> 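Structure incoming, see below.
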Amino acid sequence: MTRALVFDSGVGGLTIADEIRRAAPGWTVDYAADSGFFPYGVKTDEELRARLPGLCAALVGIAKPDVLVIACNTASTLSLADIRARVSVPVVGTVPAIKPAAEQTKTGVIGILATPGTVRRAYLDDLERQYAKGRRVIRRGTAGLVDIAERAVRGQPIDQEQVAYAVKPLFDPPDGPNIDVVVLACTHFPLIRDAIQQACPPGVK
Ligand code: DGL
């Protein structure tokens, strides 16, 4: 039996754990959340670099998975290589879906909603260079949506005004109104997908 360990800062990785369960119903899926250091999106790169490889190595030592899934864009875009170097099992990361967005856009303008950490990563620059040639990519970092998603999972109501406050600036730059595809580049965001969709202009996917 294959055993996967899914790791995130909080509840966001549950969206990835669900997908794994759907795709591989026979697997055992364990889950680890670094709630003591949550949220990752506002931590410095140095803080995360100092924490992630050692923590992941310790978790692998305890859970003994066949595969480690870093279900966090903020962690994957910074530390995937360092984590891989520290553990003896395959490590799968989660990174912004720029490639499918670049294929789907009709206007040529893509929006990326992510944490403040993810939007400043060189990893994102590389993804853009590789997969979004000739496309305009507009990034928006928000920690607010992460908190809203955490609260929603705990049964608290979603404040649509707060969601709109976090999402609207994505569409403010000169090309913003032409965005027709938005990448949810944080694993927390699909948990409040409908509220985010509602905060986007009509027609945005
Ligand atoms: N779920 C994480 C991601 O995909 C980040 C949430 C946080 O800021 O801790 O980026």
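First listed ligand is number 1; within each ligand, the first listed atom is number 1. Computed from a predicted model, the values in this text were never measured in an experiment.
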> For T74 and T115, which I'm curious about, is there any donor-acceptor pair between the side chains at under 3.5 Å?
yes

> Relative to the heavy atoms of D8, which atoms of ligand 1 are at a distance of less than 4.0 Å?
1 (N), 2 (C)

> Between K64 (side chain) and V60 (backbone), is there a donor-acceptor pair under 3.5 Å?
no

> Regarding ligand 1, does T115 bring an N or O atom to under 3.5 Å of one of the ligand's N or O atoms?
no

> Using distance alone, with no hydrogens and no angle criterion, decide if T107 and D180 have a side-chain donor and acceptor under 3.5 Å apart.
yes

> Examine the side chains of Y40 and D8 and answer whether a donor and an acceptor come within less than 3.5 Å of each other.
no

> At less than 4.0 angstrom from any non-hydrogen atom of T187, what atoms of ligand 1 do you find?
1 (N), 2 (C), 3 (C), 4 (O)

> What atoms of ligand 1 come closer than 4.0 angstrom to any heavy atom of F38?
9 (O)

> Return a yes/no value for G41: is any of its N or O atoms, backbone included, closer than 3.5 angstrom to an N or O of ligand 1?
yes

> Any ion pair linking D45 and R121 (charged N to carboxylate O, less than 4.0 Å)?
yes

> Is there a donor-acceptor contact under 3.5 Å linking the side chains of Q162 and R151?
yes

> Considering distance alone, does some N or O of T74 sit under 3.5 Å from an N or O of ligand 1?
yes

> Contact between ligand 1 and C72 is defined here as a heavy atom of the residue under 4.0 Å from a ligand atom; is it met?
yes

> Does ligand 1 have a heavy atom under 4.0 Å from the side chain of V146, from its backbone, from both, or from neither?
side chain

